[in-house]
Amino acid sequence: MGRREEVECWLTDMDGVLVHENHALPGAAELLQQWEDAGTPYLVLTNNSIFTARDLSARLRSSGLNVPEDRIWTSALATADFLKSQLPGGTAFVIGEAGITSALHEAGFIMTETNPDYVVVGETRNYSFDAITKAIRLIGAGARFIVTNPDATGPSKDGPMPATGAIAALITKATGMEPYVVGKPNPMMFRSALNKIGAHSENTAMIGDRMDTDIVAGIEAGLHTILVLTGISDQAEIQKYPFRPDEILGGVQELLRKDPVETEL
């Protein structure tokens, strides 16, 4: 893709790009305001499927960031969007929290434990052995296996904790069935985000902090990719991968327009 001047729409990751442990990162509030003022289409993306967009909007607000809920795109919303396109009015057995259950309800899905079309596994803090056992049996009986995101661990103040990918691995081990994963690094997450804001890959950029999810998926989706070093990746990490982002920046503050007069007439 071309240079940054050609970018008209933006997708940005949330954690490590705009916020870190519920604190806004430098330049994040100003960049969001810049996009709002200019009427620039954008979406804030997260692989976390626990929270609804409304919850996340409120959490971001408490961090000092103003992101309307219709500007938030989660792996739960992307999963519901994908399943609705595959089987409108389908049924699902869900392991997960409000993020995924409300997204599926909104998409017209019915939750059931009886012969569902899909078993959907999302992020949750309360994994139940009974629910995992049920999921394994339903997949064995023919339900299709869908996972909101592949992250094996998630952060907490005490250190890493098992996340969706780890639970999915347990179910895969027991069933021999690999899930279809909707969230990053599947470019499906970006395609559905582009559709939501009516954007095209040729003039859209992706800002992320992870080479293995944000950047690789951005490249595969044909986006202009920008890696910021405020999250998980550093220069040593970048060298490990056989692909490169289009740009590497210290943080989102480097995307702020220096001269506010330079607007298009």
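With rounding to the nearest 0.5 Å, the separation of NE2 in His200 from CG in Asn195 is 9.5 Å. Atom CD in Glu8 sits 11.0 Å away from atom CD1 in Ile197 (nearest 0.5 Å). In this structure, the separation between NE2 on His23 and CG on Leu65 is 12.0 Å, given to the nearest 0.5 Å. From Asp246, atom CG reaches atom CZ of Arg244 across 12.0 Å, with rounding to the nearest 0.5 Å.
The ring-ring contact (aromatic ring centres under 6.0 Å, His included) with Trp10 is formed by just one residue from the set Phe190, Trp35, Tyr42; it is Trp35.
Side-chain contact between Leu18 and Leu60 is absent, with no heavy atoms from C-beta onward closer than 4.5 Å. Contact check for Glu247 versus Thr225: no side-chain heavy atoms found under the 4.5 Å cut-off. Inter-residue side-chain proximity for Pro150 and Asn186 is flagged as unmet; no heavy-atom pair is nearer than 4.5 Å. Put simply, the side chain of Leu11 reaches to within 4.5 Å of the side chain of Leu194, judged on heavy atoms. Residues Thr12 and Leu45 fail the side-chain proximity criterion, which asks for heavy atoms closer than 4.5 Å. Side-chain contact between Val67 and Leu56: absent, with no pair of heavy atoms (C-beta onward) separated by less than 4.5 Å.
Although no hydrogens or angles enter the test, the distance criterion places a donor-acceptor pair under 3.5 Å between the side chain of Asp117 and the main chain of Thr91. Between the side chain of Thr40 and the backbone N or O of Glu36, no donor-acceptor pair lies under 3.5 Å. Using a distance-only test at 3.5 Å, with no hydrogens or angles considered, a donor-acceptor pair links the side chain of Thr172 to the main chain of Met177. Not a single donor-acceptor pair under 3.5 Å links the side chain of Asn203 to the backbone N or O of Val7. No side-chain donor-acceptor contact under 3.5 Å links Ser57 to the backbone of Ala53. Using modelled atom types, one side-chain atom of Thr230 and one backbone atom of Gly16 make a donor-acceptor pair closer than 3.5 Å.
No single ILVMFWY cluster, assembled from side-chain heavy atoms under 4.5 Å apart, contains both Leu25 and Ile72. The cluster map of Ile, Leu, Val, Met, Phe, Trp and Tyr, joined by side-chain heavy atoms under 4.5 Å apart, puts Leu255 and Val19 in the same cluster. Linking ILVMFWY residues whenever their side-chain heavy atoms come closer than 4.5 Å, directly or via other members, places Val17 and Leu32 in the same cluster. When hydrophobic clusters are built by joining Ile, Leu, Val, Met, Phe, Trp and Tyr residues whose side-chain heavy atoms come closer than 4.5 Å, directly or via intermediates, Ile50 is not grouped with Val147. Under the 4.5 Å side-chain contact rule for hydrophobic residues, Ile95 and Leu77 do not share a cluster.
The other members of the hydrophobic cluster of Ile219, by chain and number, are Met211, Ile215, Val216, Leu227, Leu229, Ile238, Tyr241, Phe243, Ile248 (side-chain heavy atoms under 4.5 Å, ILVMFWY only). Met161 belongs to no multi-residue hydrophobic cluster, having no ILVMFWY side-chain contact under 4.5 Å with any other such residue. Other members of the cluster containing Val94 are Phe82, Leu83, Leu87, Ile100, Leu104, Phe109, Met111, Tyr118, Val120, Ile146, Tyr180, Val182, Met188, with ILVMFWY side chains joined at under 4.5 Å, either directly or via other members.
No hydrogens or angles considered: a donor-acceptor pair under 3.5 Å links the side chains of Asn149 and Thr164. A donor atom on one side chain and an acceptor atom on the other are not found under 3.5 Å apart for Arg137 and Thr133. A side-chain donor-acceptor contact under 3.5 Å links Thr52 and Asp55. Side-chain contact check for Glu202 and His224: no donor-acceptor pair (N or O, by modelled atom type) lies under 3.5 Å. Side-chain contact check for Glu123 and Ser49: no donor-acceptor pair (N or O, by modelled atom type) lies under 3.5 Å.
In this structure, Arg125 does not pair ionically with Glu97, as no charged nitrogen and carboxylate oxygen lie closer than 4.0 Å.
Heavy atoms from other residues, nucleotides or ligands lying under 6.0 Å from CZ of Arg54 number 12 at most. Atom CD of Gln239 has more than 12 heavy atoms from other residues, nucleotides or ligands within 6.0 Å.
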>> What verdict does the side-chain contact (heavy atoms from CB on, under 4.5 Å) test give for Ile207 and Val252, after you've listed the backbone C-alpha separation in whole Å, the side-chain angles of each residue and the deciding distance to 0.1 Å?
In response: CA-CA 8 Å; Ile207 313 166; Val252 290; 4.2 Å; yes
> Checking side-chain contact (heavy atoms from CB on, under 4.5 Å) for the pair Phe145/Glu178: CA distance, chi angles, key distance, verdict?
Replying inline: CA-CA 7 Å; Phe145 184 18; Glu178 292 285 342; over 6 Å; no
>> Run Arg59 and Asn22 through side-chain contact (heavy atoms from CB on, under 4.5 Å) and show every step you take.
In response: CA-CA 8 Å; Arg59 291 184 73 190; Asn22 296 330; 3.6 Å; yes
>> Quick one, Lys134 with Asp130, criterion side-chain contact (heavy atoms from CB on, under 4.5 Å). Give me CA distance, side-chain angles, the key distance, then yes/no.
In response: CA-CA 6 Å; Lys134 202 163 283 174; Asp130 285 348; 5.8 Å; no
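For the salt bridge (charged side-chain N to carboxylate O under 4.0 Å, His left out) condition, the pairs that include at least one residue of residues 180-193, sequence neighbours left out, are Asp13-Lys184, Lys184-Asp214. Screening residues 73-86 for side-chain hydrogen bond (donor to acceptor under 3.5 Å, both in side chains), with sequence neighbours left out, gives Trp73-Ser192.
Shortest non-hydrogen contact noted between Ala135 and Ile171 is CB-CD1, 4.1 Å. Scanning both residues, Ala29 and Gly64, for their nearest heavy atoms gives CB-O, 3.9 Å. Smallest separation of non-hydrogen atoms from Ala103 and Ala80: O-CB, 3.4 Å. For the pair Thr204 and Ala199, the tightest heavy-atom approach, listed with the atom from each and the gap, is OG1-CB, 3.5 Å. Of all heavy-atom pairs spanning Thr101 and Gly96, the tightest one is CG2-O, 4.5 Å.
Under the rule for a side chain to side chain contact (heavy atoms under 4.5 Å, CB included), the partners of Gln34 that lie at least two apart in sequence or sit in another chain are Leu31, Leu256, Arg257.
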